Amino acid sequence: MAVLLGVDTGGTYTDAVLMQDEERVLARAKAFTTRHDLAVGVGRTVRAVLQEARVDPADVGMASLSTTLATNALVEGQGGRVALILIGFRERDLETQGLADALGGDPVCVLAGGHKHDGSEAVPLDEADLLAFLEKHKSDVSGFAVAGQFATRNPAHEVRAMELVRDVARLPVSASHQLSAKLGGPKRALTAVLNARLIGMIDALIGRAEAELRTIGIRAPMMVVRGDGALMSSAQARARPIETILSGPAASIVGARWLTGADHALVSDIGGTTTDVAVLRGGRPVIDPDGARVGPHRTMVEAVAMRTTGLGGDSEVHFVTEGLRGGVTLGPRRVLPVSLLAQEAPEAVLPVLELQMRNTTPGEHDGRFVRAVPGVQADGLAARDADLLARIGERVHGLGAVLRTRMEHGALKRLVGRGLVQVAGLTPSDASHVLGGLSVWDAEAARLACALFGRRRTGAGERLAETAEQVAEMVVDRLTYQTSVALLEAALAEDGLDEALATHSLMQRGLSGAKGLVRVSTGLDVSVVGLGASARAYYPAVGARLGCDMQLPEDGGVANAIGAVVGRVTVRRTGTVTSPSEGLFRVHLLSGPEDFAASEPALARLETVLAEDARASALAAGASDVELHVARDIRTAQAEAREVFVEAVLVAEATGRPGIAL
């Protein structure tokens, strides 16, 4: 019997499952995600699942990890400080594809160099300016990203820049040509920046997780789920962490298919930080042809066509001040639920909540707390940020007792972005504790947080709500509404319609069943598979609102971990043949362009290189019984009554199941 271990590190929980030969679940377990050191939560849940199944750790033949760490980091604006080296671009290209916003003030160097569309050198690389830039920033960044003009047609300048970064700075470097074979320089640069930002974070997670598994006694190789649902080796994930964005959601799609057998459905996975919606078509997840989008960023990473929304059980509840009636809205930022913090530190939370309830006037920060995250590097902080972090120290504080000036709100935001502190506040998880849907944390703290939130004054000067239960119902109703909108937007986009129709008054009128002279009926005409630990608490109301079949599988709370087990190793390599002039066919390889006098030899050469690379990478990832498939997309044009070769794009795909250590 082959025993397979799947682990998923989510924003709130870390899940683990043990499966027998991909056929049945032997045991499942959950533990809190330990954000200061994710491996601690991994170790706890793995030990729990091994104990439940009574399995010897040495009998585990494969371990596989899916994680929302990269996704959540990009949604929440976290990650290391990096420097971007742009070769052959212009300063104004930084404003394209949101590149400047993604850099967020991190250093950038725009150098002379780059190549032309045909792969020939446009301008020599300015190594002098590059060396000066490296000397200036080698001590104040965690890594470098390199992107050259037409580097996918000839990566020579990117390769040289990588060599200099390693020689001078001795820091990790991400090159755009290693992450995508597509054109579109600014978008490739963005992908390289995000990859560089995630390297330290993902490397630490994988390294610590592997060490923890070894401590437990598991010697099997560890796999990591990619954003398209396929598996990669842990070494590959460390080199290209950007490919793990949407890893957790992609694993959930694979798990949803295994759990339900659904061929055509929307899959909605609610976690602590995000809600992820994807489409199953023909039993396979739909892949995004434009690259994965996470939060505001559109990358060149091949991933499941996933809509990630900052909406989850731990989404921050905001007070809506517009209008006379007031109201609430959720996300996109995740905060620590007050009920969870009170469970961990009751002496620091409950007395503050009770004191705030006795105050006659509501405070701006009532029901909100802050604490530092231990074990996170705090180097390079501005003076104000460092002072605030020192004031927080090692204790839990009411937020109002820590923030002394308006200027410190920005400092707090930056500390949260660096992962150095956590803010606790009212969340849907707290609301569910008040209404009885959840009972795992401190329900009294949740009730007090809801009551404090209800004391806020609307535009009409009245209290938002009279009771904690009324606030809790408003929060859960809002989660139902925002989840419904996310599902409708995904369905409308799949149907080729305007996503804005999801919030149109006629759409919402039809969903609510409002009566009038005009009859309007709207809803989803496809099943929804609801996944996540809290799906059973929230999603029946979503299904009722949308008038659709809502499938809530029994093991839907650990679908990500199941998907991490049942996925396959898949490696794709893409290459291009162009025709710069009549009778000349240029193959664009990582080693540089190669020219041929006829198209077929050029295509055969590229196919051989891609196939060998894909197969070797699949084997390196631990795949066995590798199957290889190569697809050719040859583009031609009519010129003077004859067909002319324009370009060919070849994709080699190598797939296989991970090898099992017996």
Side-chain angles (χ1 to χ4, degrees), residues 71 74-75 95-98 101 184 186-187 190 227 245-246 249-250 253 262 264-270 274-282 284-312 315 318 320 322-323 327 329-332 477-530 538-539 541-550:
T71 308
L74 296 186
V75 169
E95 302 303 322
T96 307
Q97 301 293 333
D101 290 339
K187 197 172 176 182
L190 170 67
I245 61 172
L246 302 178
I253 306 302
H264 186 51
L266 286 177
V267 179
S268 184
D269 186 0
I270 181 171
T274 61
T275 290
D276 306 304
V277 180
V279 179
L280 264 178
R281 186 191 298 142
R284 301 186 66 179
V286 174
I287 302 297
D288 193 335
D290 297 322
R293 178 190 288 276
V294 182
H297 306 301
R298 171 69 78 177
T299 72
M300 277 190 167
V301 177
E302 190 172 77
V304 169
M306 182 78 65
R307 291 171 170 268
T308 299
T309 305
L311 175 67
S315 289
H318 302 277
V320 177
E322 292 82 3
T329 189
L330 307 177
D477 286 348
R478 183 66 190 184
L479 186 142
T480 300
Y481 169 79
Q482 289 185 219
T483 303
S484 301
V485 168
L487 287 165
L488 286 170
E489 287 176 342
L492 287 164
E494 185 69 9
D495 285 344
L497 300 173
D498 186 355
E499 299 172 28
L501 292 172
T503 55
H504 194 281
S505 59
L506 283 178
M507 175 72 78
Q508 295 302 317
R509 182 179 177 87
L511 293 176
S512 65
K515 302 293 184 180
L517 296 179
V518 177
R519 182 176 65 248
V520 181
S521 177
T522 55
L524 282 181
D525 194 25
V526 66
S527 295
V528 174
V529 180
Y538 300 127
Y539 277 21
V542 175
R545 179 173 180 81
L546 295 174
C548 65
D549 173 39
M550 179 66 70

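Here the structure is a predicted model, which is why all the values come from computation and not from measurement. Values below: all heavy atoms of this structure, side chains included; hydrogens, waters and symmetry mates excluded.
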By side chain to side chain contact (heavy atoms under 4.5 Å, CB included) - contacts of [X] (at least two apart):
| X | result |
| --- | --- |
| A514 | R509, S512 |
| A541 | T480 |
| D477 | none |
| A250 | V304 |

Nearest 0.5 Å, what's the [atom1]-[atom2] distance between [X] and [Y]?
| X | Y | atom1 | atom2 | value |
| --- | --- | --- | --- | --- |
| I253 | D276 | CD1 | CG | 8.0 Å |
| L501 | Q508 | CG | CD | 11.0 Å |
| D495 | L488 | CG | CG | 11.0 Å |

Task: Worked verdict on M306 versus D288 for side-chain contact (heavy atoms from CB on, under 4.5 Å) - done: CA-CA 7 Å; M306 182 78 65; D288 193 335; over 6 Å; no

Task: Counterpart residues, salt bridge (Lys or Arg N to Asp or Glu O under 4.0 Å), relative to R307 (two or more places apart) - done: E499

- [ ] Could you check if a side-chain atom of L266 sits within less than 4.5 angstrom of a side-chain atom of V279, using non-hydrogen atoms only?
- [x] yes

Open item on the list: Measuring only between side-chain heavy atoms, which start at C-beta, is T503 closer than 4.5 Å to Y481?
Closed with: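 A side-chain contact under 4.5 Å exists here.
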
- [ ] Please step through side-chain contact (heavy atoms from CB on, under 4.5 Å) for the pair C548 and V526, ending with a clear verdict.
- [x] CA-CA 7 Å; C548 65; V526 66; over 6 Å; no

For residues [X] and [Y], report the shortest heavy-atom separation together with the two atoms involved.
| X | Y | value |
| --- | --- | --- |
| L492 | D498 | CD1-O, 3.7 Å |
| A303 | I287 | O-CG2, 3.4 Å |
| V277 | A490 | CG1-CB, 3.6 Å |
| S315 | G331 | CB-N, 3.8 Å |
| S268 | V528 | CB-CG1, 4.3 Å |

Does the [X] side chain pair with the main chain of [Y], one donor and one acceptor, at a distance under 3.5 Å?
| X | Y | value |
| --- | --- | --- |
| Q482 | L311 | no |
| H264 | L280 | yes |
| E489 | S484 | no |

Open item on the list: Distance alone, cut at 3.5 Å: any donor-acceptor contact between the side chains of Y538 and T483?
Closed with: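 No.
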
- [ ] Could you note down all residue pairs passing side chain to side chain donor-acceptor pair (under 3.5 Å) where residues 520-530 supplies at least one of them, sequence neighbours left out?
- [x]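 Those involving residues 520-530 are S527-D549.
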
